[in-house]
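Every chain is numbered from 1, with letters handed out A, B, ... down the list of sequences. Just so it is clear, the model here is predicted, and its values are computed rather than measured.
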There are 2 protein chains.
Amino acid sequence: MKRTRFDDWPCGIARTADLVGDWWTPLVLRQAFFGVRRFDDFATSLGIPRASLTARLDRLVEEGVFERVPYAESPARYEYHLTPKGEAFLDVLLAMWRWGEDWLNPADNPIPVQLVDSESGEMVRPKVVDETTGRPIEPARLGLAPVIPGRRDQ
Amino acid sequence: MKRTRFDDWPCGIARTADLVGDWWTPLVLRQAFFGVRRFDDFATSLGIPRASLTARLDRLVEEGVFERVPYAESPARYEYHLTPKGEAFLDVLLAMWRWGEDWLNPADNPIPVQLVDSESGEMVRPKVVDETTGRPIEPARLGLAPVIPGRRDQ
DNA sequence: GATCGAGAGTTCAACTAGTGAACTTAGCTG
DNA sequence: CAGCTAAGTTCACTAGTTGAACTCTCGATC
């Protein structure tokens, strides 16, 4: 699409959007968290076009989100395993999940998919807090620092 | 692009990806959190093509993320204000910000943009926890329920 | 030995969203 | 009247997306 790139903007949101800011990448990563590792399993479980999947996986391997791990020699076969960087992305998916469940739940959705703790069986409700204080983050008190005046790529 | 739609998939991640799963929408919303309200201010502060901005704002108004509020009568002028639904999206942006700062920080980035609490002046470090227990969410213990076997649109 | 199927892609044409620049509309200002 | 501002719209061009078909390499089967 000749899309604008954000990967060197000095803002984590912009750089994250550059990498996962398309419709399929978050879902590919979601599948990875639920145990999908192989090309065909990604393709058939999501219905993503194979060419699109190839492009996504290549970029994610290049960025160190997935590691390409051989599991068969002849013919050579590879699995896509989440790296620590990839596993850390769970927080973003959880935030997306929570917002989607809270605010985009269609009225006629009969069976919402829920997150559970597999040991306790309890529902998991992801929430973003400040790591140091443990308190919710209030939009009104939030500021950017340093702000660079007139700079457009913030 | 004739893109696949996820807006009725029974998963919050998929529905969220359908709405904000493009490169510009997260940045438009980021600007809104930092006080931008008017068309030209979005356009010039981000460098987003005006046609793309129109499409994004229209969709976000339609979905109830922004409210179109008049601020002048002749000629009619409108501002885009975040609704409660839009404000709740801050959690997703914070998770993206945190991941981008932790894992996508280019080595040669001289001035990373930081989040601060404007009252205390302290750095804010967003972290996703389980709302009920207050504890971090462990990927290994996370499960989907109910899982619908063989269903591709989860 | 030929055929079949699995797995992991590649190739291709058609479609359509993203992009940048120019244009439009309406009122306001000097 | 000329110039300016704000909020879009229009248009040609470009490039990512899609679905279907094809490729390639094996191992297993008839």
Side-chain angles (χ1 to χ4, degrees), chain A residues 1-7 9 14 17-28 31-32 35-63 66-81 152-153, chain B residues 1-7 9 14 17-28 31-32 35-63 66-81 152-153:
Chain A
M1 248 163 292
K2 201 179 75 166
R3 53 172 274 242
T4 308
R5 302 310 299 259
F6 313 130
D7 50 355
W9 286 24
D18 187 83
L19 180 55
V20 304
D22 68 285
W23 300 281
W24 285 117
T25 299
L27 293 172
V28 169
Q31 293 305 86
V36 175
R37 292 195 154 98
R38 300 186 180 177
F39 189 92
D40 262 34
D41 293 336
F42 283 111
T44 56
S45 65
L46 286 173
I48 179 176
R50 307 173 78 76
S52 302
L53 180 59
T54 300
R56 295 303 181 290
L57 290 174
D58 286 354
R59 172 99 198 269
L60 291 168
V61 167
E62 195 181 306
E63 298 276 356
F66 278 128
E67 190 187 4
R68 205 153 167 268
V69 179
Y71 73 91
E73 289 214 337
S74 68
R77 293 274 182 270
Y78 299 90
E79 287 182 330
Y80 296 88
H81 292 202
R152 56 151 50 179
D153 57 347
Chain B
M1 244 164 296
K2 200 179 75 167
R3 53 173 274 243
T4 307
R5 302 311 299 259
F6 313 130
D7 51 355
W9 286 22
D18 187 83
L19 179 55
V20 303
D22 68 286
W23 299 281
W24 286 116
T25 300
L27 293 172
V28 168
Q31 294 304 87
V36 175
R37 293 196 153 97
R38 299 186 181 179
F39 188 92
D40 262 34
D41 294 336
F42 283 111
T44 57
S45 65
L46 287 173
I48 178 175
R50 307 173 78 77
S52 302
L53 179 59
T54 301
R56 295 303 181 291
L57 290 174
D58 285 354
R59 172 96 198 270
L60 291 169
V61 168
E62 196 180 306
E63 298 277 356
F66 278 127
E67 190 187 4
R68 207 155 167 265
V69 179
Y71 73 90
E73 288 214 336
S74 70
R77 292 274 182 270
Y78 299 91
E79 289 184 329
Y80 296 87
H81 291 201
R152 56 151 52 179
D153 58 345

Which whole-number value in Å describes the distance from [X] [atom1] to [N] [atom2]?
{"X": "D41(B)", "N": "dT5(D)", "atom1": "CG", "atom2": "C1'", "value": "12 Å"}
{"X": "D40(A)", "N": "dG9(C)", "atom1": "CG", "atom2": "C1'", "value": "9 Å"}
{"X": "Y78(B)", "N": "dG27(C)", "atom1": "OH", "atom2": "P", "value": "13 Å"}
{"X": "R5(B)", "N": "dT18(D)", "atom1": "CZ", "atom2": "P", "value": "11 Å"}
{"X": "L27(B)", "N": "dT19(C)", "atom1": "CG", "atom2": "P", "value": "11 Å"}
{"X": "D22(A)", "N": "dA15(D)", "atom1": "CG", "atom2": "C1'", "value": "15 Å"}

Could you tell me whether D18(A) and R59(A) have a side-chain N and a carboxylate O separated by less than 4.0 Å?
yes

Presence of salt bridge, R77(A) and D40(A), under 4.0 angstrom:
no

Those residues at least two apart in sequence (or on a different chain) that pass side-chain hydrogen bond (donor to acceptor under 3.5 Å, both in side chains) with D7(A) are none

Any idea which heavy atoms bring [X] and [Y] closest together, and the distance?
{"X": "F39(A)", "Y": "L53(A)", "answer": "O-CD2, 3.4 Å"}
{"X": "F42(A)", "Y": "A32(A)", "answer": "CE2-N, 3.9 Å"}
{"X": "W24(A)", "Y": "P49(A)", "answer": "CZ2-CD, 4.1 Å"}

Could you check Y80(A) against T4(A) and say which one's nearest nucleotide on DNA chain C is further toward the 5' end?
Y80(A)

Tell me which of E79(A) and R3(A) sits closer to the 5' end of DNA chain C, going by the nucleotide each one is nearest to.
E79(A)

Please work out if Y71(B) contacts a base, only the sugar-phosphate, or nothing of the nucleic acid, heavy-atom cut-off 4.0 Å.
sugar-phosphate

Decide whether a cation-pi geometry holds between R38(A) and Y71(A); the criteria are a distance under 6.0 Å from NZ or CZ to the six-membered ring centre and an angle within 45° of the ring axis.
yes

Identify which nucleotide among dT25(D), dA26(C), dG9(C) has an atom closest to any side-chain atom of R77(A), counting heavy atoms from C-beta outward.
dT25(D)

Any idea which of dT25(D), dA7(D), dT19(C) is nearest the P49(B) side chain?
dT19(C)

Look at W24(A) and dT18(D) and indicate whether a side-chain polar atom (N or O) is within less than 4.0 Å of OP1 or OP2.
yes

Taking only the side-chain nitrogens and oxygens of R38(B), find out if one of them lies under 4.0 Å from OP1 or OP2 of dG8(D).
no

Residues in residues 50-59 of chain A with a heavy atom under 4.0 Å of DNA chain C, by number, are R50(A), A51(A), T54(A)

